[in-house]
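The next block holds one structure in the form of structure tokens; read it before the comments.
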Protein chains: 2
Amino acid sequence: MNIGQAAEASGVSAKMIRYYEEIGLIAPPARTGNNYRVYGADQVHVLRFIKRARSLGFSLEETETLLKLWQDKSRTSAAVKDVATSHINDLERRIAEMQGMVKTLKHLSHCCGGDHRPDCPILDDLAGDSQAHTHNV
Amino acid sequence: MNIGQAAEASGVSAKMIRYYEEIGLIAPPARTGNNYRVYGADQVHVLRFIKRARSLGFSLEETETLLKLWQDKSRTSAAVKDVATSHINDLERRIAEMQGMVKTLKHLSHCCGGDHRPDCPILDDLAGDSQAHTHNV
DNA sequence: CTTGACCTTCCCATGATGGGAAGGCCTACA
DNA sequence: TGTAGGCCTTCCCATCATGGGAAGGTCAAG
């Protein structure tokens with residue numbers, strides 16, 4: 001299987017497959033006489049594993065850890081769970097951060113007329129105008 | 001005021017102030033005879049505006065738009081609100097995406113023993129083992 | 001024999017930020 | 001007067017994951 005077909009089969013672009021090889025995430029595949037990379041079902045399986053891990057938001061570094069655990073038959077499930085848990089914590093931290101932004105922005109937007117006039121509490125807030133923090137009740 | 005003091009006063013690092021100047025987000029400041037950048041209260045105000053916009057998750061490109069609107073006295077608040085609204089939508093999309101990841105990960109973690117044994121539904125899921133999607137009820 | 005679809009490597013760009021080197025300037029202190 | 005250290009300057013490099021594209025080799029079908 002050439003790289004294009006492996007990309008098709010795994011959902012990982014050819015560009016990324018080469019990159020993963022370059023950074024040592026995956027092993028260099030065999031080459032044909034014309035220097036083309038050749039992949040088998042096993043490598044495609046690994047690529048799909050990576051793809052799935054990435055889609056769950058794991059970094060390539062975390063993905064590498066998970067890949068090694070996957071291939072280590074003497075791993076403990078606790079080790080895997082640790083990786084997952086710290087990733088969950090990271091995601092939840094980022095979610096909370098963004099939710100804070102959304103909350104502020106929605107409040108400001110709500111207070112903004114959104115009309116033809118220039119007066120805008122959103123800009124007032126960005127400009128540090130404390131007036132903007134006052135709720136017009 | 002030198003760049004270090006402007007950084008201190010605005011909360012934007014000297015490194016970033018120079019970068020914002022380089023990309024045209026802020027105007028090049030005056031220079032002293034020894035080629036040092038000099039900032040006044042106005043420039044610090046702009047930097048604080050940028051800082052605040054960044055803390056609300058606006059990209060530098062969006063921040064530039066907001067800065068221009070801020071400085072344009074004939075702006076409409078609708079124009080500002082549009083920028084804020086599309087940013088809110090973007091944040092909410094990303095939040096939902098991450099929440100989906102968290103949901104899946106929590107489910108898998110819940111199903112994972114987290115003990116000394118190697119059996120792990122998290123890895124099974126990443127490996128595409130459909131068994132892992134089965135809820136053990 | 002040509003055309004088009006592959007493949008190869010190499011370089012560059014993204015977005016926002018930090019690190020650090022090499023060198024210039026200024027101030028305080030001995 | 002010399003020097004130490006704390007600023008400043010520009011320039012280059014690294015991050016993280018991905019894509020774009022050029023220049024050139026290979027292969028299969030027509």
- Can you check whether B:Ser13 has a side-chain N or O nearer than 4.0 Å to OP1 or OP2 of C:dT17? no
- Task: Return the set of residues passing side-chain contact (heavy atoms from CB on, under 4.5 Å) with A:Asn35 (not counting sequence neighbours), or none when no residue passes.
- Result: A:Arg31
- Item | With sequence neighbours excluded, residues passing ring-ring contact (aromatic ring centres under 6.0 Å, His included) with B:His110 | none
- Task: Note the angle between the end axes of the helix from C:dC1-D:dG30 to C:dA30-D:dT1, five pairs defining each, rounded to 10 degrees.
- Result: 30°
- Message: Whole angstroms only, please: what is the CG-C1' distance between B:Leu25 and C:dT17?
- Response: 14 Å
- In whole angstroms, how far is the P atom of D:dC7 from the CD1 atom of B:Ile17? 14 Å
- Item | Sequence-aligned protein contact record of nucleotides 1-16 of chain C, with B where the base is within under 4.0 Å of a protein heavy atom and S where only the sugar-phosphate is | -----BSBB------B
- Query: With a cut-off of 6.0 Å (strictly less than), are more than 12 heavy atoms of other residues, nucleotides or ligands near CZ of B:Arg54?
  - Reply: yes
- Task: Sort and list the pairs that fulfil side chain to side chain donor-acceptor pair (under 3.5 Å) and have at least one residue in residues 70-81 of chain B, not counting sequence neighbours.
- Result: A:Asp115-B:Ser77, B:Asp72-B:Ser74
- Sequence neighbours excluded - side chain to side chain donor-acceptor pair (under 3.5 Å) pairs with any residue from residues 4-22 of chain B: B:Glu21-B:Arg37
- Item | All ring-ring contact (aromatic ring centres under 6.0 Å, His included) counterparts of A:Phe58, not counting sequence neighbours | A:His87
- Query: In chain order, what residues pass the side chain to side chain donor-acceptor pair (under 3.5 Å) check against A:Lys106, with sequence neighbours excluded?
  - Reply: B:Glu92
- With sequence neighbours excluded, what pairs up with B:Thr104 under the side chain to side chain donor-acceptor pair (under 3.5 Å) test? none
